[in-house]
Number of protein chains: 4
Amino acid sequence: MPRYSGDVIRSEAATPGRPRSEAARLAVLHAVDDLLLEQGYAAMTMKGIAERAGVGRQTVYRWWSTKAEILIEATATDARDELVAPVRRSARAELISFLELLARFLTVSPAGLAYRALLGEAQHDAEVAGLLIDTDPLTEAARVVLDRIRPELSRMPDDDLAVAELVGPVIYPILARRGVDHATMIRRQADSLLARWGRT
Amino acid sequence: MPRYSGDVIRSEAATPGRPRSEAARLAVLHAVDDLLLEQGYAAMTMKGIAERAGVGRQTVYRWWSTKAEILIEATATDARDELVAPVRRSARAELISFLELLARFLTVSPAGLAYRALLGEAQHDAEVAGLLIDTDPLTEAARVVLDRIRPELSRMPDDDLAVAELVGPVIYPILARRGVDHATMIRRQADSLLARWGRT
Amino acid sequence: MPRYSGDVIRSEAATPGRPRSEAARLAVLHAVDDLLLEQGYAAMTMKGIAERAGVGRQTVYRWWSTKAEILIEATATDARDELVAPVRRSARAELISFLELLARFLTVSPAGLAYRALLGEAQHDAEVAGLLIDTDPLTEAARVVLDRIRPELSRMPDDDLAVAELVGPVIYPILARRGVDHATMIRRQADSLLARWGRT
Amino acid sequence: MPRYSGDVIRSEAATPGRPRSEAARLAVLHAVDDLLLEQGYAAMTMKGIAERAGVGRQTVYRWWSTKAEILIEATATDARDELVAPVRRSARAELISFLELLARFLTVSPAGLAYRALLGEAQHDAEVAGLLIDTDPLTEAARVVLDRIRPELSRMPDDDLAVAELVGPVIYPILARRGVDHATMIRRQADSLLARWGRT
DNA sequence: CTCTAACCGAGACGGTACGTCACGTCTTGAG
DNA sequence: CTCAAGACGTGACGTACCGTCTCGGTTAGAG
């Protein structure tokens with residue numbers, strides 16, 4: 001079970017020269033993981049990452065351009081894993097489970113903190129925005145859940161609209177406020193969506 | 001009509017020494033406004049702000065600690081002004097008007113870009129998070145609208161929950177995706193809320 | 001007995017406006033004295049002097065241009081007082097007394113430390129050099145001694161040459177070396193001069 | 001023939017990482033040389049040196065702590081070269097040659113100006129004092145001359161005393177006065193020393 | 001079994017922003 | 001007109017990190 005995305009070997013082309021060191025790659029990814037928790041995103045530096053990983057500075061730059069890029073690679077797999085919602089009997093239970101997962105992910109999980117940091121950076125860095133949108137694990141996970149319960153909810157809109165209606169009210173207060181009561185919010189939100197999307 | 005928050009006279013205490021230069025204060029606030037549009041938040045520097053304002057570096061640091069602080073002071077009034085929703089006949093029209101205002105604010109207005117940049121910074125800088133939350137013009141504006149239509153919507157939750165349900169689905173795709181169709185989303189969102197919150 | 005040069009009132013012209021505050025002047029001079037000992041010449045600043053004196057910064061600049069100027073005014077009188085050589089029976093005793101006075105002045109006395117600091121500053125600041133030369137208390141004191149013993153020493157050169165021969169060998173090692181044995185040096189120096197300048 | 005002290009190869013240890021740039025080192029030393037003449041010691045700044053040398057600021061700080069340290073390295077070799085006294089037939093000629101060399105060095109040579117600036121700085125900066133004393137080219141040169149003529153002068157004291165008697169009367173007026181007539185002073189000084197130190 | 005090419009660590013390089021400090025000037029109200 | 005206070009524009013300080021470069025040394029497949 002690969003810890004990091006890309007752990008599967010990428011190419012078989014038998015390139016000449018010394019092959020890329022998997023040890024160095026993992027050291028960098030782990031270093032980023034650790035530093036994010038210890039110092040936070042803003043205080044992380046490329047220099048610090050290289051030193052913590054015991055790796056040359058050039059080696060980092062050879063494979064990644066920015067700390068955002070490394071962080072995405074380092075946390076993508078974790079994020080995806082943590083956002084796999086368990087299968088439930090009812091649509092309501094599905095929604096509640098997923099939203100609770102989501103709230104926990106964003107407020108507690110290291111991968112979730114990374115996601116928020118990246119989402120933040122994306123607001124003033126177009127390149128990060130591009131990277132993040134292409135690999136957004138959150139939207140992906142939401143879609144899985146929605147697909148699962150769509151048969152029961154005939155009036156559910158598709159695609160991005162449904163995702164936004166589902167995820168927005170939970171994620172917004174987490175990004176913009178402090179100390180939100182998720183539990184209540186989540187139940188209300190689920191009921192609201194069921195009423196709007198439901199069969200009748 | 002004051003352009004910047006704090007334009008109202010502050011104190012009459014007759015402090016000793018040379019009084020603070022209003023010209024310098026305004027020059028800095030305008031410089032931040034300009035630089036945000038020209039270079040973006042990330043590329044803005046305290047040095048650059050001081051130089052653009054034609055002001056000493058120390059003068060900037062004397063009154064503000066970070067570029068986030070300046071940006072908040074520079075855009076707070078504009079943000080508040082731009083988010084004043086017009087009074088409409090029906091609750092639905094009120095909601096749609098406000099959400100359209102909000103979407104336009106976040107995607108087009110300089111003050112809105114500033115808000116997004118600050119919200120982004122808040123994800124990895126606790127101090128900015130504190131500042132932003134205390135002065136959040138968006139939540140404030142949402143509350144005004146909600147208070148106005150509350151009489152018609154007996155099942156509307158109060159406070160933060162209602163704000164999140166109203167604002168979240170619109171703001172989330174703007175922060176996390178590209179090229180969203182706001183118009184459709186907004187109408188759906190308004191109807192969804194009316195159905196959930198409505199009298200009968 | 002005035003503590004500082006210039007303590008005597010300078011003008012009687014009955015100028016209009018508020019007269020100069022003698023209290024402020026003395027506070028500045030004392031502050032410079034204190035700071036020289038506490039922090040050394042290099043660490044002293046105009047700002048620090050004003051604060052220590054409890055005086056406005058402008059008040060300092062109104063009356064002095066540089067810290068060197070203040071220091072000269074603050075120490076000139078002390079320096080002159082400390083370099084008054086006692087009258088002795090023989091030329092040899094006169095010389096030895098004066099040279100010992102000189103060595104003590106330069107290595108121990110606050111005024112002597114100030115003199116060395118100023119002499120140092122004069123090496124890379126022409127303005128200080130000018131001020132110092134015009135008021136040099138050391139040369140002045142040496143001349144007094146030499147005049148006193150000149151009758152006994154028919155071959156003594158006059159003016160600057162004699163001063164240099166007398167003072168140079170003592171002051172040079174103090175400026176350019178560490179931990180010199182002055183006592184021996186001084187006796188040798190006195191004998192050397194007597195032999196050279198002496199009657200027969 | 002090495003232009004700067006330290007031009008001799010330092011070590012062969014094969015340290016890891018990119019080796020120090022000799023070009024940068026020389027650029028800094030030349031910049032200091034130039035700036036000393038153009039602006040004087042007091043007006044020289046670390047920033048100015050780096051810019052003149054076309055070198056990063058950090059590169060300067062990496063190898064030197066203060067401008068004094070750079071100046072010592074930049075002028076030590078020149079100073080030593082310029083103070084090599086020619087061999088003469090008589091002790092008197094030796095002394096006169098050396099003292100003339102010395103006077104010229106201190107009043108005309110760039111290296112001599114540097115020496116005076118450093119000697120000045122040493123009066124109020126203990127660290128500079130330490131550096132200067134350890135490498136003092138002037139004392140060194142004086143000792144060479146004195147050793148050469150010592151056989152002829154049986155009563156010459158040794159070490160520091162002799163150096164002070166030789167050098168002090170010449171250097172003192174240069175430091176503390178303006179426009180001295182060196183030629184006369186030097187001949188008198190030489191005769192005085194010969195009389196005192198001479199055989200009989 | 002050498003050759004070649006790309007990798008690796010280390011760390012110096014030219015830049016540039018940081019936040020602080022002192023400079024010397026100015027602008028208040030009070031004496 | 002002076003005084004204390006303190007804000008002003010200027011510019012150097014020493015530090016940190018940027019992304020690039022240049023070393024010696026390693027590690028593979030190709031000849």
Side-chain angles (χ1 to χ4, degrees), chain A residues 14-21 23-24 27 43-51 53-63 65-67, chain B residues 14-25 27 43-51 53-63 65-67, chain C residues 15-21 23-25 27 43-51 53-63 65-67, chain D residues 14-25 27 43-51 53-63 65-67:
Chain A
T15 47
R18 177 176 179 174
R20 174 174 184 184
S21 158
M44 257 175 46
T45 66
M46 293 296 259
K47 187 170 183 267
I49 293 166
E51 275 167 10
V55 140
R57 214 117 72 81
Q58 195 60 249
T59 299
V60 179
Y61 282 108
R62 201 176 350 255
W63 303 109
S65 300
T66 63
K67 58 178 176 173
Chain B
T15 48
R18 179 175 176 173
R20 174 173 183 183
S21 158
E22 186 64 12
R25 176 172 163 270
M44 257 175 46
T45 66
M46 292 296 259
K47 188 171 185 271
I49 293 166
E51 277 168 8
V55 140
R57 212 121 68 84
Q58 194 61 243
T59 297
V60 179
Y61 282 108
R62 201 178 346 257
W63 303 110
S65 299
T66 62
K67 58 178 177 174
Chain C
T15 48
R18 178 174 176 176
R20 173 174 185 182
S21 157
R25 178 172 162 270
M44 257 175 46
T45 66
M46 293 297 259
K47 188 172 182 266
I49 293 166
E51 276 167 10
V55 141
R57 215 117 72 77
Q58 194 60 249
T59 300
V60 179
Y61 283 108
R62 201 173 352 254
W63 304 109
S65 300
T66 63
K67 59 178 176 175
Chain D
T15 48
R18 178 174 177 174
R20 175 173 184 182
S21 158
E22 186 64 12
R25 176 172 164 270
M44 256 174 48
T45 66
M46 291 296 259
K47 186 172 187 268
I49 293 166
E51 276 167 9
V55 141
R57 212 121 69 83
Q58 195 61 245
T59 298
V60 179
Y61 283 109
R62 197 174 356 254
W63 303 109
S65 299
T66 61
K67 58 179 178 175

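Proteins get letters first, then strands, A, B, ... in listed order; numbering begins at 1 in each. What you see is a predicted model; the values in this text were computed from it and never measured. Computed from heavy atoms alone, side chains included, the values below leave out hydrogens, waters and symmetry copies.
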Spacing between Met44(D) atom CE and dG11(F) atom C1', to the nearest angstrom: 17 Å
Mind calculating the distance between CZ (Arg25(C)) and C1' (dT2(F)) to the nearest angstrom? 16 Å
On a heavy-atom basis, which atom in Met46(B) and which in Val60(B) lie closest, and how many Å separate them? CE-CG1, 3.9 Å
Between Val55(C) and Ser21(B), which is nearer to the 5' end of DNA chain F once each is assigned its nearest nucleotide? Val55(C)
Distance, rounded to the nearest Å, where Met46(A) contributes CE and dC17(F) contributes P: 13 Å
If a protein heavy atom is under 4.0 Å from the base, mark B; if only from the sugar-phosphate, S; if neither, -; do that for nucleotides 20-25 of chain F going 5' to 3'. BBBB-B
Does OP1 or OP2 of dA4(F) have a side-chain N or O of Thr59(C) closer than 4.0 Å? yes
Looking at Lys47(A) and Arg57(A), what are the two nearest heavy atoms and their distance? CA-CD, 3.8 Å
Counting only side-chain nitrogens and oxygens, does Trp63(B) get under 4.0 Å of the OP1 or OP2 atom of dC8(F)? yes
5′-ward residue of the pair Thr45(D)/Gly56(C) relative to DNA chain F: Gly56(C)
Holding to side chain to side chain contact (heavy atoms under 4.5 Å, CB included), I want the full list of residues that pass it with Arg62(A), two or more places apart in sequence or in another chain. Gln58(A), Thr59(A)
Ile49(C) versus Met44(C), closest heavy-atom pair with distance: CD1-CE, 3.9 Å
From CZ (Arg20(A)) to CH2 (Trp63(A)), nearest 0.5 Å: 5.0 Å
Taking the nucleotide of DNA chain E with the closest heavy atom to each, which residue, Ala53(D) or Ser65(C), is nearer the 5' end? Ala53(D)
Between Ser21(C) and Ala24(C), the two heavy atoms sitting closest are OG-N, 2.9 Å
Expressed in angstrom and rounded to an integer, what is the separation of Lys47(C) atom NZ from dT10(F) atom C1'? 15 Å
Which part of the nucleic acid does Gly48(C) contact within heavy-atom distance under 4.0 Å: base, sugar-phosphate only, or nothing? nothing
Reading DNA chain E from 5' to 3', where do the contacts with chain A start and stop? Cut-off is 4.0 Å to heavy atoms. dA5(E) to dA12(E)
For Arg62(B) and dA5(F), give me the distance from atom CZ to atom P, rounded to whole Å. 16 Å
